[in-house]
Student: 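Quick one: this structure, given as structure tokens, is what I'll be asking you about.
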Amino acid sequence: MEQSQTSVSEAGPDQRREATMLWRGLVALVLVLMLAYARQRWWL
Amino acid sequence: MSLELVMAVSPDTASAPGTALAWMLSGLVLLGALPLLSSAVGFLLVMAHARHTHYDKVDAANLPRVAVLVPAWNEAPVLEHSVDRMMAMDYPPERLRLVVVDDASTDHTPELLHAASERHTGRVVPLRREQGGQGKAHTLNHGLEVILGDDWAQAVLVTDADVIFRPDAVAKMTRHLADLGVGAVTAFVREASEPPNWMNRYIGFEYASAQLAARRAQNVVGAQACLAGGAQLLSRENLEALGGRIDTTTLAEDTVTTLLTQVGGRAVVFDPSAECLAEEPNTVTGLWKQRLRWSRGNLQVTRRFAGVFFRPSRDHHLGNVWFGVQWYCTLLLPAFMVLASASLVTLWLVDRSTALLMVQAYWGISALVFLFSTTFALLLDGRIARRSFWQAVTFPGLISLSILVWVVAPGPVGELVGRGVEALGGSWDSQTRHWLVLGVYVWISACMVAAWAVYRLERVPVLRRLVPALTVLVGYGPLLCAVTFAAYVAELRGAASTWEKTEKTGKVGAG
């Protein structure tokens with residue numbers, strides 16, 4: 001296969017996008033925790 | 001759960017809670033919730049994709065000679081556009097070749113293919129099978145024989161005639177092959193029908209969960225369940241190790257390729273940024289046909305590869321515990337739902353207060369997992385979030401959603417329902433509440449029967465118009481479970497494994 005001489009990766013933008021997976025998941029988790037808290041606090 | 005509610009719905013609880021039978025049945029209900037918990041673990045793994053990606057091993061300058069292999073049976077409405085788009089790909093032209101295998105088409109496919117080969121001389125290779133209709137794998141093998149017959153191709157991209165790759169998609173996929181440990185790469189297939197109808201939007205959202213989330217999670221554990229059928233980049237080394245041909249013994253040839261690649265010690269990678277657009281079914285009947293094929297294929301594949309799950313191996317990660325649990329949960333989802341439902345109804349007969357606790361636990365887990373996975377999936381892709389927001393919200397169906405809301409706020413919802421029943425002239429007594437709660441237990445599995453009824457209803461011309469509204473009521477999720485159940489039945493009956501192609505009309509937009 002045709003290979004570049006240096007292992008230059010242009011995956012930077014894609015890699016940076018993947019780095020946001022953590023906070024995206026955390027946002028969803030916070031919502032879940034808020035729902036669980038509301039359930040316990042007000043409707044138990 | 002409110003104590004008042006327990007007392008209200010179970011004043012005549014006879015047996016003492018905590019009996020051995022009640023404990024056992026409660027355990028079975030929780031076992032029925034395993035697919036929900038496994039799915040939640042999958043979404044947690046997506047968060048780890050922030051660090052565990054394959055991007056640190058790619059080389060953007062890795063541009064092997066790629067033969068794009070397209071099986072084509074009566075693809076006249078889509079062929080011309082997809083060929084021209086592929087030829088305009090942002091990839092060195094001398095390193096990209098299109099091999100289209102006409103599977104004895106009876107429409108204008110041969111003429112269009114001939115014209116395309118003249119427009120793109122030397123870059124579009126038309127092949128024809130005179131006797132077709134055996135299925136995609138046979139058609140692919142006809143092309144592979146020619147492609148592997150000389151040493152030009154260094155990689156083969158298996159796709160479908162209607163699939164449109166974004167200009168950078170092929171290069172984004174080939175860069176992973178710079179890692180010689182990688183045997184196959186797959187891309188994100190976006191549902192891109194224009195204009196999208198309600199079914200297209202449901203499928204679009206489903207793909208956010210089933211591809212953007214699930215395949216990222218599988219990247220993290222190092223085991224992929226399936227290369228997208230329309231986007232399978234295979235290295236030549238891998239293809240030759242697979243015997244130079246695609247397996248023809250199941251209805252899920254892409255899954256077999258995926259698993260065989262990994263069993264052979266070569267990694268399979270999903271690149272969420274490599275994207276292609278496809279037209280998916282726009283009716284319940286179309287979806288049913290497509291998914292029945294997929295589900296039956298998965299059952300056939302599971303029989304063949306049962307030995308690789310839950311068994312550690314030096315060659316691959318298919319033995320990963322979560323991967324195995326998720327595989328079987330997907331396959332056995334209808335059975336889990338029936339188990340949960342049957343256990344709850346039995347528990348209701350034995351010990352009503354424990355039954356109510358368990359139904360709240362089951363639907364409570366559902367509510368939390370639904371909120372987590374739906375929010376996360378919508379956050380994964382803004383375009384899908386805009387296009388399919390209401391389909392994401394109504395994915396479980398309005399009936400299940402009402403139950404979820406009841407579980408979250410039993411007091412207010414109970415009061416509201418009570419007022420509603422009384423306003424309609426009914427009596428909100430303990431008997432009515434018993435029946436309603438029993439309905440909640442049964443719905444866990446009855447939703448599949450309701451979904452099947454919606455599918456059958458689509459065949460009745462005068463009632464067909466009700467199908468979109470009824471799907472929203474019953475749920476798209478239950479529809480998928482019902483298809484899986486139908487696949488069990490088809491496999492048990494030994495129904496013929498005929499390949500029924502999904503109809504394409506060429507309405508893929510720019511996405």
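Just the heavy atoms: all of them, side chains too, but no hydrogens, waters or symmetry mates, feed the values below. Chain identifiers are assigned alphabetically (A, B, ...) following the order of the sequence lines, protein sequences preceding nucleic acid strands; residue numbering begins at 1 within each chain.
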Student: Is chain B contacted by the side chain of A/Leu26, its backbone, both, or neither, given a heavy-atom distance below 4.5 Å?
Tutor: both

Student: Between A/Leu29, A/Val30, A/Leu31, who has the most heavy-atom pairs with chain B when the cutoff is under 4.5 Å?
Tutor: A/Leu29

Student: Let's go through B/Asp381 and A/Arg24 carefully: what are the C-alpha distance in whole Å and the side-chain angles of both, what is the deciding distance for salt bridge (Lys or Arg N to Asp or Glu O under 4.0 Å) to 0.1 Å, and is it a yes or a no?
Tutor: CA-CA 11 Å; B/Asp381 191 283; A/Arg24 287 174 209 242; over 6 Å; no

Student: For B/Lys172, is it the side chain, the backbone, both or neither that has a heavy atom under 4.5 Å from a heavy atom of chain A?
Tutor: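 The side chain, not the backbone.
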
Student: Go through A/Asp14 and B/Arg175 one step at a time and tell me if the side chain to side chain contact (heavy atoms under 4.5 Å, CB included) criterion holds.
Tutor: CA-CA 12 Å; A/Asp14 298 328; B/Arg175 60 185 172 171; 2.8 Å; yes

Student: Provide the closest heavy-atom pair for B/Leu379 versus A/Ala28 in the form atom of the first, atom of the second, distance.
Tutor: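 Heavy-atom minimum between the residues: CD1-N, 4.5 Å.
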
Student: Please flag which part of B/Phe372 lies under 4.5 Å from any non-hydrogen atom of chain A: side chain, backbone, both or neither.
Tutor: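 B/Phe372 touches chain A through backbone and side-chain heavy atoms alike.
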
Student: Looking at A/Glu18 and B/Arg51, is there a salt bridge between them, counting it only when a charged N and a carboxylate O are closer than 4.0 Å?
Tutor: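 Salt bridge absent between B/Arg51 and A/Glu18.
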
Student: Provide the closest heavy-atom pair for B/Phe376 versus A/Met21 in the form atom of the first, atom of the second, distance.
Tutor: CZ-O, 3.6 Å

Student: Where on B/Leu380 is there a heavy atom nearer than 4.5 Å to chain A: the side chain, the backbone, both, or neither?
Tutor: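 Both parts, heavy atoms under 4.5 Å.
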
Student: Considering only heavy atoms, which portion of A/Arg17 lies under 4.5 Å from any heavy atom of chain B: side chain, backbone, both, or neither?
Tutor: side chain

Student: In terms of heavy-atom proximity below 4.5 Å to chain A, should B/Thr53 be classed as side chain, backbone, both, or neither?
Tutor: side chain

